[in-house]
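Along the sequence shown, the residues carry numbers beginning at 1.
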Amino acid sequence: MRICYIGHPFHERTDSTRFILELLQSIGTVTVRHSSPDAPRQSDDPLVLEFLEGNYDLWVFAQTEYVAARLVPLGLRNAVIVPMYDGARDLPDAFWRQFVNSRFLCFSRAMHEKLQRLDQRSIYAQYYPSFRQVPSRAQDRQSWSGFFWERRPGGAINIGRVAKQCRAIGIGALHVHAAPDFAHEGRGRDALRSRGVLADVSITQSTWFDERAKFLQIMSTPHFHFVPRLYEGIGMTMLEAMASGQVVVAPDTATANEYIGHMASGILYDPDRPLDLPQLSHKTVEMLSKGAWTKVKSGRETWLRDRERVISYLQDDGRRWPASDSAAHFILSLQRSVRRRRVSNSSP
């Protein structure tokens, strides 16, 4: 199978959608193209020409549904669209209804349910990264520390808010990864300035790393991880934080609240009351850390079993699955067990 994958250039830098590429590479030969929603639309003209040449059996659009929309009048059919909730949640219903001949793969239940209400063909899955060994962290409350990737300095979740949240929880030190999604925001009025203390919280900072391993090391060391945006697509850094046993502090919105159980595997807060946070003991923090790591461990096992269904859907091979969400693999395993038992009982 010849596959054309059109992704977001920012994801190439963060490596957050590599797992989608790996799925596609397991079923065919993949040609990778990129499109930015912030670039002029004529920059996608070569993709339109490539579509008209008809060299591919399958087109996959990862957070580039706007490119797919340009191809619908030209006969787009065998396509899978992977929308991200943060970028697609406000698009009107009419936009999604035009993809009657396409399919959707969602990693947000909220997005999946919206598309199903619009009678679109969609499946839902939850991706979890590999769980890692939890790094050694200090065992006293006075040493609590946090990590925050300041992606949108002018947004609702910024360094000022997070520093106040740290003070409310009792976190004395915060490392800020000052690498905004848009470079110019790093120089703007709302950007983090070089400050050693903010809201009585000690501040350290970093910018982009040349090696992803160095970023992960810095990110996973603190006790707490603050989600940087009100809404997430998959929330890969959030999942990686959970995989290292960090306590994630996130707004009670998709997709964070689809992965985190409040006071079980993390902390969810009302976006309109960001300082209304629970009082924590060190024992509670240890419990939340273990809960986060356990959630990723269990979720990873679920994802590895569910890959078969997702690959079948990408191939559109006609196989029937017993459910359209992440419980499908479980129901399927039950059916297989029953079938094996019947075969065993019928054997002479």
*Out of curiosity, H177 NE2 to M219 CE, how far, rounded to the nearest 0.5 Å?*
10.0 Å
*Distance-only, no hydrogens or angles: does the N78 side chain make a donor-acceptor pair with backbone N or O of D57 under 3.5 Å?*
yes
_Closest heavy-atom pair and its distance - E258, Y124_ = OE1-OH, 4.1 Å
_Plane angle bin for Y128 and Y259 - parallel if under 30°, tilted between 30 and 60°, otherwise perpendicular_ = perpendicular
*asked:* Quick one: does any side-chain atom of Q126 pair with a main-chain N or O of F107 as donor and acceptor, under 3.5 Å?
replied: no
_Has D316 got a side-chain atom pairing as donor or acceptor with Y313's backbone, closer than 3.5 angstrom?_
no
*Please name the pair of heavy atoms, one in W293 and one in A243, separated by the smallest distance, quoted to 0.1 Å.*
CD1-O, 3.2 Å
_If I take atom CD from residue Q98 and atom CG from residue D93, how far apart are they, to the nearest 0.5 angstrom?_
12.0 Å
*Between atom OH of Y56 and atom OG1 of T29, what is the distance when rounded to the nearest 0.5 Å?*
10.5 Å
*Do the charged groups of R319 and E308 touch, with an N to O distance under 4.0 Å?*
yes
_CG-NZ distance between L288 and K295, expressed to the nearest 0.5 angstrom_ = 12.5 Å
*Please check if any side-chain donor atom of Y66 sits under 3.5 Å from a side-chain acceptor atom of S35, or the reverse.*
yes
*Will you find, in the side chains of W149 and T237, an N or O donor that is under 3.5 Å from an N or O acceptor?*
no
_Would you say CZ of R41 has more than 12 non-hydrogen atoms from neighbouring residues, nucleotides or ligands within 6.0 angstrom?_
yes
*Which heavy atom in L230 sits nearest to a heavy atom in A156, and how many Å separate them?*
CD1-CB, 3.9 Å
*asked:* For H282 and W144, which I'm curious about, is there any donor-acceptor pair between the side chains at under 3.5 Å?
replied: yes
_According to a hydrophobic-cluster definition based on side-chain heavy atoms being under 4.5 Å apart (Ile, Leu, Val, Met, Phe, Trp, Tyr only), do L118 and V100 belong together?_
no
*For the pair R103 (side chain) and I81 (backbone), establish whether a donor and an acceptor sit closer than 3.5 Å, ignoring hydrogens and angles.*
no
*Indicate yes or no for a side-chain donor-acceptor contact from S26 to the backbone of L23 under 3.5 Å, with no hydrogens or angles considered.*
yes
